[in-house]
Protein chains: 2
Amino acid sequence: MRIPVLEIFGPTIQGEGAVIGKKTVFIRTAGCDYQCSWCDSAFTWDGTGKDDIRLMTAVEIIDELKEIGLENFQHVTISGGNPALLKQLGELVDSLKNLQMKIGLETQGTVWQAWMLRIDDLTISPKPPSSGMNTDFEKLDGLVESLTKRIGEGHVSLKVVIFDEGDLAYAKRVHQKYPTVPFYLQVGNDDLTVDDDEQLSIKLLKKLDWLVSKVIIDPEFNQVRVLPQLHALLWGNKKGV
Amino acid sequence: MRIPVLEIFGPTIQGEGAVIGKKTVFIRTAGCDYQCSWCDSAFTWDGTGKDDIRLMTAVEIIDELKEIGLENFQHVTISGGNPALLKQLGELVDSLKNLQMKIGLETQGTVWQAWMLRIDDLTISPKPPSSGMNTDFEKLDGLVESLTKRIGEGHVSLKVVIFDEGDLAYAKRVHQKYPTVPFYLQVGNDDLTVDDDEQLSIKLLKKLDWLVSKVIIDPEFNQVRVLPQLHALLWGNKKGV
Ligand code: SF4
Ligand code: SF4
């Protein structure tokens, strides 16, 4: 089965989460079962990117990575949308493994796929109230439990994007449910149209400052890590960098 | 033996390196065997902080941490100066361990101490040519070898601060010598006097952009991670935050 691909770009650096700063190539798949109010990749599911979707085989994707030059990177990040919707990613995961690539993947945690066990850096990013979505905690429990039991230490992390106090309360609940899973709080970017990069950077840094100020006074957050999105700080809302 | 302490502050977040974003309390010790041209904590060794040095026992330091509130953090970072000059840190390290604290420590790698084996996040940060210092690679070899062999995976990392092309060439050499040790490239801040935080942030982000652009085209840097200093982005050159 073919994979709906919206973008392949890089090498660039991973801007967020557990492997922040790592050189990687992004493969962005189309389609999502959520519609978060502040989604920064809504073009993967709202129809606006429809004409850019290519239905590719794993072999075609690997060919495109070869054109980038396999010697130029050792890490590939599969993002979306929600790539966990795609059962057929298993073949791509295997092909990447055969090339000695490390693989990162992010999903909001609604769907389980067997190939997840072969991901090196798997980020589960359940969506807080400001997204407008409701978390099915039963499904999330199942996913987190299977993964942490079977994939091994250091390969799974949780990440919650924070826009407001309600999101922080939600994040605390998630962190308390899975206290041993590495937990990242990420500054939300709700200004997806501004094209003055410097102005956006300053705004995002102010939000980071706010988030840090909340975390450092709260003993429940002693173990979390607070991070910005480096790509947003560096390149604003540009796509494909 | 007492420990020369210059600052105890936090909780705040660790702004750099392997545990970037983690809540921590800093203990800054006085004294360094280097005099880096761009040292951002020169007050620890150039005499300007002399009157602020307190000679403290491990017990007194722990008492001060208790005043901050031990329930408010689970990570302590010992920085300098070069804390590795202080054999007497062993007692403090043990006391922190007894309190279930995780311990981070940064040193440029000139001196070995037995207590290093009990550090959870040890960053060795050899100094590139722009610092004006010369690396004794024989000593560094010995330190990296002992540590990586004995302290176990995931507890040691290397970090090089980058100001220019010469520093990048140096970093590459260090990375090639110890290819299995997690390696971080950090944007250098050579503007230690500017007090316009926003202006400094924009400047540092431009440097990060430059560093990223160098790393992503160089296959020798496939495994490194590129990071800014979050505290400099957030709070500029202020001390004690
Ligand atoms: S889950 Fe992710 S891709 Fe899907 S709508 Fe939400 S933010 Fe966008
Ligand atoms: S080794 Fe560190 S503390 Fe010592 S002079 Fe250099 S930058 Fe400053």
Side-chain angles (χ1 to χ4, degrees), chain A residues 10-25 69-75 101-102 153-154 182-187 197-199 201-213 215-228 230-231 233-236 241, chain B residues 10-25 69-75 101-102 153-154 182-187 197-199 201-213 215-228 230-231 233-236 241:
Chain A
T12 181
I13 57 161
Q14 171 58 264
E16 53 189 63
V19 291
I20 188 168
K22 187 152 200 162
K23 195 201 278 199
T24 195
V25 168
L70 294 179
E71 68 285 3
N72 290 323
F73 56 101
Q74 281 158 267
H75 193 277
M101 290 288 166
K102 297 278 181 193
E153 283 270 320
F183 196 87
Y184 293 83
L185 292 178
Q186 180 172 298
V187 175
D197 290 357
E198 294 192 1
Q199 193 191 318
S201 302
I202 296 302
K203 196 173 154 181
L204 291 172
L205 286 172
K206 286 200 175 117
K207 282 162 164 276
L208 178 60
D209 198 10
W210 171 80
L211 185 52
V212 167
S213 74
V215 165
I216 62 183
I217 57 167
D218 191 337
E220 305 269 12
F221 286 134
N222 282 354
Q223 299 286 12
V224 310
R225 287 168 68 178
V226 185
L227 291 176
L230 291 183
H231 52 281
L233 286 179
L234 284 172
W235 306 305
V241 281
Chain B
T12 181
I13 59 162
Q14 170 58 265
E16 53 188 64
V19 291
I20 189 169
K22 186 151 201 165
K23 196 201 279 200
T24 195
V25 167
L70 293 179
E71 68 285 2
N72 290 325
F73 57 100
Q74 282 160 265
H75 193 278
M101 291 286 164
K102 298 277 179 192
E153 283 271 319
F183 195 87
Y184 293 82
L185 292 177
Q186 179 172 301
V187 175
D197 290 355
E198 294 192 0
Q199 193 190 318
S201 301
I202 296 301
K203 196 173 156 183
L204 291 172
L205 286 173
K206 285 199 175 117
K207 282 163 164 274
L208 177 60
D209 198 12
W210 170 81
L211 184 53
V212 167
S213 74
V215 165
I216 62 183
I217 57 168
D218 192 335
E220 305 269 13
F221 285 133
N222 283 354
Q223 300 286 13
V224 309
R225 286 169 69 179
V226 185
L227 291 177
L230 292 184
H231 52 283
L233 287 178
L234 284 173
W235 306 304
V241 282

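So that the names make sense, note that chain A is the first sequence line, chain B the second, and so on, each numbered from 1.
- Distance check: B:Leu204 CG to A:Leu205 CG gives 10.0 Å after rounding to the nearest 0.5 Å.
- Heavy atoms of B:Asp197 lying under 4.5 Å from chain A are absent altogether.
- When every heavy atom of A:Gly21 is checked against every heavy atom of B:Leu227, the shortest pair comes out as CA-CD2, 4.1 Å.
- Contacts between A:Leu230 and chain B at a heavy-atom distance below 4.5 Å involve the side chain alone, from C-beta outward.
- Taking CD1 from A:Ile202 and CD from B:Gln199, the interatomic distance works out to 10.0 Å, rounded to the nearest 0.5 Å.
- For the atom pair CG of A:Leu234 and OG of B:Ser213, the computed distance is 10.5 Å after rounding to the nearest 0.5 Å.
- The distance from atom CD1 of A:Ile13 to atom CG of B:Asp209, rounded to the nearest 0.5 Å, is 9.0 Å.
- Summarising the geometry of A:Gln223 relative to B:Gln74, their closest heavy-atom pair is NE2-NE2, 2.9 Å, with the distance given to 0.1 Å.
- Of the atoms belonging to B:Leu208, heavy atoms from both backbone and side chain fall under 4.5 Å from chain A.
- Summarising the geometry, atom CG belonging to B:Asn72 is positioned 11.0 Å from atom CD belonging to A:Glu220; distances are rounded to the nearest 0.5 Å.
- Most heavy-atom pairs under 4.5 Å with chain B, from the set A:Arg225, A:Gln14, A:Lys206: that is A:Arg225.
- Between the A:Asn222 side chain and the B:Lys23 main chain, no donor and acceptor come within less than 3.5 Å of each other.
- Separation of atoms CD1 (A:Ile216) and CZ (B:Phe73) is listed at 12.5 Å; rounding is to 0.5 Å.
- For the pair B:Glu71 and A:Pro219, the tightest heavy-atom approach, listed with the atom from each and the gap, is O-CB, 3.3 Å.
- Contacts with chain A were tallied for B:Val19, B:Leu185, B:Thr24, B:Ile20; B:Ile20 has the most, counting heavy-atom pairs under 4.5 Å.
- Residue contact with chain A, scored on non-hydrogen atoms closer than 4.5 Å, is absent for B:Lys102.
- Heavy-atom distances place both the backbone and the side chain of B:Val215 under 4.5 Å from chain A.
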